[in-house]
Amino acid sequence: MKNDQIKDRSMLNEIVQPLTDWYRQNKRILPWRDQNNAYYTWVSEIMLQQTRVEAVKPYFQRFIGELPDVQALAECPEEKLMKLWEGLGYYNRVRNMQTAARTVVCEYEGVLPASYEELLSLKGIGNYTAGAIASIAYQIPVPAVDGNVLRVISRITEDRQDIMKQSVHRQIEENLLGIMPKETPGDFNQALMELGAVVCVPNGSARCEACPVSEYCLAYRHGTVEELPVKAPKKERILQNRTVLVIQDGEKTAIQKRPEKGLLAGLYELPNLLGHLTREEVLDKVKNMQLEPLYIEKLPDAKHIFSHIEWRMTGYLIRVAALDTDGGLPFIFAEKKQSEKQYAIPSAFRAYVKYMKEESGK
DNA sequence: AATCCGGGGCA
DNA sequence: TGCCCAGGATT
């Protein structure tokens with residue numbers, strides 16, 4: 001073991017008890033902390049990936065209400081599952097979780113395995129989540145290193161290495177593994193995360209005066225808290241122009257299923273095309289779809305920002321002649337209310353979904 | 001090791 | 001606007 005690694009470990013060893021004590025006094029009341037249930041821990045940890053606590057709360061309650069155990073999750077129809085996740089983002093999280101749930105039903109009799117390695121082998125459960133479930137639900141002394149923990153540890157040890165690097169992440173995991181308390185690993189892991197979420201926060205607002213371990217923190221001692229953690233600059237977002245079509249046939253509006261892979265995989269959307277199209281180009285496209293346009297109206301522009309792409313959208317409202325029922329079109333024609341109930345449409349389309357036709361006579 | 005995958009809240 | 005969030009899979 002390297003010299004500074006030994007130093008880091010002995011320093012981190014000092015914080016275990018005071019931090020755990022602090023957590024027990026100050027932890028937030030959260031729905032998934034009500035009872036010790038490995039399934040609840042699992043669902044909450046998956047939802048909390050790259051997602052704030054406040055955003056997760058209502059989704060968690062609804063999810064476990066509809067799908068109270070692993071069995072129910074394993075058997076849930078795809079569309080219902082996506083509706084339960086609609087708006088949370090990173091939709092593969094829930095698909096992977098269902099795949100894992102089926103594995104758990106088949107191979108573990110519906111009970112999440114109480115071992116770090118077996119948890120890690122499940123779809124959608126990586127280093128962090130395996131550590132979180134193992135330590136919180138089963139009191140197994142393994143670390144759970146998320147963005148909070150990386151920030152907290154880099155400050156306490158005043159580590160100026162790039163925390164985005166795998167090597168740094170691995171080193172922090174090893175150091176924490178060496179100091180995990182055998183009795184209460186779950187509380188200690190949650191204490192690190194809670195500290196990062198509530199006290200040792202990013203972007204120039206760390207509340208060091210409220211920190212239970214500031215006396216052990218090198219960055220605090222040296223006044224370098226706001227310089228840490230060090231992160232590599234991120235890539236620029238790609239801009240994409242799109243034209244969104246609100247195609248109405250009497251009472252109904254066309255929606256379609258997105259491809260099973262890639263961005264917003266398998267969700268539903270309003271028909272849309274790459275580029276900003278003119279009225280004439282849109283009419284051409286609509287005719288090519290075997291539809292007969294009767295009326296067209298320009299809709300306002302809108303923008304949606306994903307983590308790596310930015311859509312700059314323009315839109316058209318188009319009324320078309322009633323169709324023969326079969327036709328072989330790629331579209332589903334749905335009323336707004338029905339589509340909202342049945343189909344998961346990502347919020348990227350929010351600005352145009354509101355032009356879908358409401359049910360008549362109301 | 002780098003890239004993809006959402007959406008929202010906040011300064 | 002940019003940053004960050006209880007990350008993981010894929011290439």
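Because the structure is predicted, anything quoted here is derived from the model rather than measured. To find a chain, count down the sequence lines: A is the first, B the second, and so on, and within it residues start at 1.
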* To do: Would you classify A/K303 as touching base, sugar-phosphate or nothing, given that sugar-phosphate means primed atoms plus P, OP1 and OP2, and contacts are heavy atoms under 4.0 Å?
  => sugar-phosphate
* To do: Write down the distance between CD (A/Q240) and P (B/dG6), rounded to a whole number of angstrom.
  => 13 Å
* **Side chains of A/L67 and A/L84 in contact at under 4.5 Å (non-hydrogen atoms)** => yes
* Evaluate the side-chain contact (heavy atoms from CB on, under 4.5 Å) criterion for residues A/Y128 and A/V149: first the C-alpha distance (whole Å), next the side-chain angles of each, then the deciding distance (0.1 Å), finally the verdict. => CA-CA 10 Å; A/Y128 163 75; A/V149 178; over 6 Å; no
* To do: Look at all strands and tell whether A/E54 reaches a base, only sugar-phosphate, or nothing, counting heavy atoms closer than 4.0 Å.
  => nothing
* Have a look at A/T129 and say if it touches a base, only the backbone sugar-phosphate, or nothing, with a 4.0 Å heavy-atom cut-off. => sugar-phosphate
* Quick one: is B/dA11 close enough that its OP1 or OP2 comes under 4.0 Å of any side-chain N or O from A/N203? -> no
* Structure fact -> Side-chain contact check for A/M193: nearest option of C/dA6, B/dG6, C/dC3 is C/dA6
* To do: Name the nucleic acid region contacted by A/R350, choosing base, sugar-phosphate or nothing; use a 4.0 angstrom heavy-atom cut-off, strictly under.
  => sugar-phosphate
* Between C/dC5 (C1') and A/R28 (CZ): distance, integer Å -> 12 Å
* **Touch class at under 4.0 angstrom, heavy-atom based, for A/G196 against every strand present** => nothing
* Touch check for A/N96, heavy atoms < 4.0 angstrom, all strands: base, sugar-phosphate only, or nothing? -> sugar-phosphate
* Distance in Å, A/T51 OG1 paired with A/Y90 OH, rounded so as to fall on 0.5 Å steps -> 8.0 Å
* **Interatomic distance where CG belongs to A/L195 and P belongs to C/dA6 [whole Å]** => 12 Å
* Check the distance between B/dA11's C1' and A/E226's CD and give it to me in whole angstrom. => 13 Å
* Looking at the side chain of A/R33, which of B/dT3, C/dC4, C/dA6 is the nearest nucleotide? -> C/dA6
* Structure fact -> Numerically ordered, the residues 142-155 of chain A set in heavy-atom contact under 4.0 Å with DNA chain C is A/D146, A/G147, A/N148, A/R151
* Asked: Taking A/R155 for the side chain and A/V225 for the main chain, is one N or O donor matched with an acceptor at less than 3.5 Å?
  -> yes
* **Side chain of A/K235 - closest among C/dC4, B/dT3, C/dG7** => B/dT3
* Asked: Base, sugar-phosphate, or nothing for A/N92, non-hydrogen atoms under 4.0 angstrom?
  -> nothing
* Could you state the atom-to-atom distance from CD of A/E260 to C1' of C/dT10 in whole Å? => 17 Å
* Indicate whether the side chain of A/D69 and that of A/Y40 have a donor and an acceptor atom separated by less than 3.5 Å. => no
* If you look at every strand shown and take non-hydrogen atoms under 4.0 Å, does A/K165 touch a base, only sugar-phosphate, or nothing? -> nothing
* **Donor/acceptor link under 3.5 angstrom from A/R52 side chain onto base of C/dC4** => yes
* State whether A/Q49 places a side-chain N or O below 4.0 Å from either non-bridging phosphate oxygen (OP1 or OP2) of C/dA6. => no
* With rounding to whole Å, what would you report as the distance between C/dT11 and B/dG6 at their P atoms? -> 15 Å
* Structure fact -> Here the distance between atom P of B/dC5 and atom CH2 of A/W311, to the nearest Å, is 11 Å
* Structure fact -> Side-chain atoms of A/L264 come closest, of C/dC4, B/dG7, C/dC3, to B/dG7
* Is A/S307 touching bases, backbone alone, or none of the nucleic acid, heavy atoms closer than 4.0 Å? -> base
* Do A/W32 and A/F63 pass the ring-ring contact (aromatic ring centres under 6.0 Å, His included) test, and can you show the C-alpha distance, the side-chain angles, and the key distance before you say yes or no? -> CA-CA 12 Å; A/W32 45 92; A/F63 196 94; over 10 Å; no
* **Listed nucleotide nearest any side-chain atom of A/L30, set C/dG7, B/dG6, C/dA6** => C/dA6
* So what does A/G87 hit on the nucleic acid, given a heavy-atom distance under 4.0 Å: a base, only sugar-phosphate, or nothing? -> sugar-phosphate
* With a non-hydrogen cut-off below 4.0 angstrom, is A/F306 in contact with a base, only sugar-phosphate, or nothing? -> sugar-phosphate
* Asked: Taking NZ from A/K234 and P from B/dC5, how many angstroms apart are they, rounded to a whole number?
  -> 18 Å
* **Rounded distance (nearest 0.5 Å) linking atom CG of A/D249 with atom CZ of A/F333** => 5.0 Å
* **First of A/I46 and A/P202 reached from the 5' end of DNA chain C, by closest nucleotide** => A/P202
* Asked: Charged N to carboxylate O below 4.0 Å: is that the case for A/K57 and A/E54?
  -> yes
* To do: Would you indicate, yes or no, if B/dC5 has its OP1 or OP2 atom less than 4.0 angstrom from a side-chain nitrogen or oxygen of A/H308?
  => yes
* **P atoms of C/dA6 and B/dC5, separation to the nearest Å** => 23 Å
* **Side-chain N,O (A/S205) to OP1/OP2 (B/dA11) below 4.0 Å** => no
* Asked: So what does A/L88 touch, heavy atoms closer than 4.0 Å: a base, only the sugar-phosphate, or nothing?
  -> base
* Strictly by modelled atom types, are A/T314 and A/D301 linked by a side-chain donor-acceptor pair under 3.5 Å? -> yes
* State whether A/Y91 places a side-chain N or O below 4.0 Å from either non-bridging phosphate oxygen (OP1 or OP2) of B/dG7. => yes
* Rounded off to whole Å, could you give me the CG-to-P distance for the A/D162 and B/dA1 pair? => 11 Å
* **5' priority, DNA chain C, between A/K261 and A/R93 [closest heavy atom]** => A/R93
* Asked: Would you say the base of B/dG6 and the side-chain of A/T51 have a donor-acceptor pair closer than 3.5 Å?
  -> yes
* To do: For the pair A/K336 and A/E340, evaluate salt bridge (Lys or Arg N to Asp or Glu O under 4.0 Å) and give the outcome as yes or no after the intermediate values.
  => CA-CA 6 Å; A/K336 185 169 188 234; A/E340 280 174 353; 3.7 Å; yes
